[in-house]
Number of protein chains: 2
Amino acid sequence: MSLSHILLGFLREPASGYDLKRTFERSVRHFWSAELSQIYPTLKRMEAEGWLSSTTEPSARGPDRRVYATTPAGCAELERWLAGGPSLGTERFAYLAQLFFMDALDDPAVTLDFMRALRDRLAVWRAELEAIEAEIERRAPGFPDQLPDRVFNQHATLRMGLHTLSARLAWCDETIDRLNRRMAGRASVRETAGAVKEA
Amino acid sequence: MSLSHILLGFLREPASGYDLKRTFERSVRHFWSAELSQIYPTLKRMEAEGWLSSTTEPSARGPDRRVYATTPAGCAELERWLAGGPSLGTERFAYLAQLFFMDALDDPAVTLDFMRALRDRLAVWRAELEAIEAEIERRAPGFPDQLPDRVFNQHATLRMGLHTLSARLAWCDETIDRLNRRMAGRASVRETAGAVKEA
DNA sequence: ACGCGCATGTAAGAAGTTACATGATTTC
DNA sequence: GAAATCATGTAACTTCTTACATGCGCGT
């Protein structure tokens, strides 16, 4: 399971399940997400496995917090995962599946709307990542060559998000262009056919 | 579930579970995959739902085939899914998670190896997609403007694969470059420090 | 009094993977 | 005779989502 390894990565500094959820939102949102209802049982299982230990401590406001920390076994497992080479999982893009079958609706205008809606949503997402990158560049000393390894790697994952989102936006534009040309071509064919009929 | 909608898309022409598995490998591999052990029970459930009907027919070679076809309800469900706008799911990239925590290994050379291994695997993948695109361009009449809608849309999904893989490869190169510069910088810092010590 | 943020979880189910079981026919 | 391809599935398990349950303390 990758989620447990990601949790191991974050737990190099002790944290509660609730903390980890916020950390997810803040830092790895663009390539991973997890619900609290998945995080809590996973932490429990990892403790049973011997990768984590936990202590209960009172909270400043609200109920007691269960704070987890990695054990040496957990640390070893993290290193094993990292040293195992890149793990490329199966990628699934539901919107590509939709486009793939879009001819069933038999209306190129709907496809065009679909692509425009997709482009808009991807553009919003890219703007979010750009804002995060600007924030890093502003705050990090010695950007980009003198960053500490940790920040360098984290920034690199953000760069991949920006590269791929730009590529997808370019693809949206390319596809929208081609759709427009196709539709223009058909309109003129229809007109010509109409003119022939009338003559 | 998206899998059932993808099956509905393919089942505009009747097919068996086994056929569908091969169709997946041939045509949507680059953005979706499914095992037979997932396809079979899903087809059964879809039939119970009223989206599909099935008939058993003898096979030319091997056991009887259960051939499915969409019902009007299934067709309506497909159209509902397609008309619902692009569904962007959560994307998960385990290799980005690995990179994000790679500083735990405390060795930039390992990160460099990791990025090079990733680049090589993505390059192989892109070459595969390029071969498929070349095949389409070779065989399809009137490429690219006069393609029928179905082929146009299918080709568009392939284009997205090519765009994003190129972007990821560019990102790999960018990151590898930056890592090299960082390592060179540190080596010279170490040398200078050594020289000072010796003096 | 009410809602929000903090903090913990459980339960049920959907989605997906891996391993196994079975048996025919065809190709080497 | 062995291996590959055709063809159907089940079982056990992992992973992830959605909905629900509980309760404290703070601000308005």
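Chain naming here is simple, since letters A, B, ... match the order of the sequence lines and numbering starts at 1 in each.
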Is the backbone of B/Ala34 close enough, under 3.5 Å, to the side chain of B/Lys21 for a donor and an acceptor to pair up by distance?
yes
Result for 5'-nearest mapping on DNA chain D, choosing between A/Gln38 and B/Asp64, is B/Asp64
Hey, are A/Arg66 and A/Ser54 close enough side-chain-wise for a donor-acceptor pair under 3.5 Å?
yes
OP1 or OP2 of D/dA7 sitting under 4.0 Å from any side-chain N/O of B/Arg65?
yes
Do the charged groups of B/Arg168 and A/Glu91 touch, with an N to O distance under 4.0 Å?
yes
Considering only heavy atoms of chain A and a distance under 4.0 Å, specify the first and last nucleotide of DNA chain C in 5' to 3' order that meet this criterion.
C/dC6 to C/dT17
Any idea how A/Trp51 and A/His5 line up, ring-wise: parallel (<30°), tilted (30 to 60°), or perpendicular (>60°)?
tilted
Regarding D/dT18, can its base be found pairing with the side chain of A/Ser37 as donor and acceptor, where the two atoms are less than 3.5 Å apart?
yes
Taking the side chain from A/Glu57 and the backbone from A/Asp64, do they hold a donor-acceptor pair closer than 3.5 Å?
no
Is the Lys NZ or Arg CZ of B/Arg182 less than 6.0 Å from the centre of A/Phe152's six-membered ring, within 45° of the axis?
yes
Does A/Arg159 make a cation-pi contact with B/Trp171 (under 6.0 Å, within 45 degrees of the axis)?
no
For B/Arg29, is there any backbone N or O sitting under 3.5 Å from a side-chain donor or acceptor partner on B/Ser33?
no
How close or far is atom P of D/dT17 from atom CD of B/Glu91, stated in whole angstroms?
13 Å
How do B/Arg92 and B/Tyr68 order along DNA chain D: which one's closest nucleotide is nearer the 5' end?
B/Tyr68
Where each residue is assigned the nucleotide of DNA chain C containing its nearest heavy atom, which of B/Ser4 and A/Lys44 is assigned the position nearer the 5′ end?
A/Lys44
Residues of residues 5-35 of chain A with any non-hydrogen atom less than 4.0 angstrom from an atom of DNA chain C: list those, numerically ordered, please.
A/Ser16, A/Gly17, A/Tyr18, A/Arg22
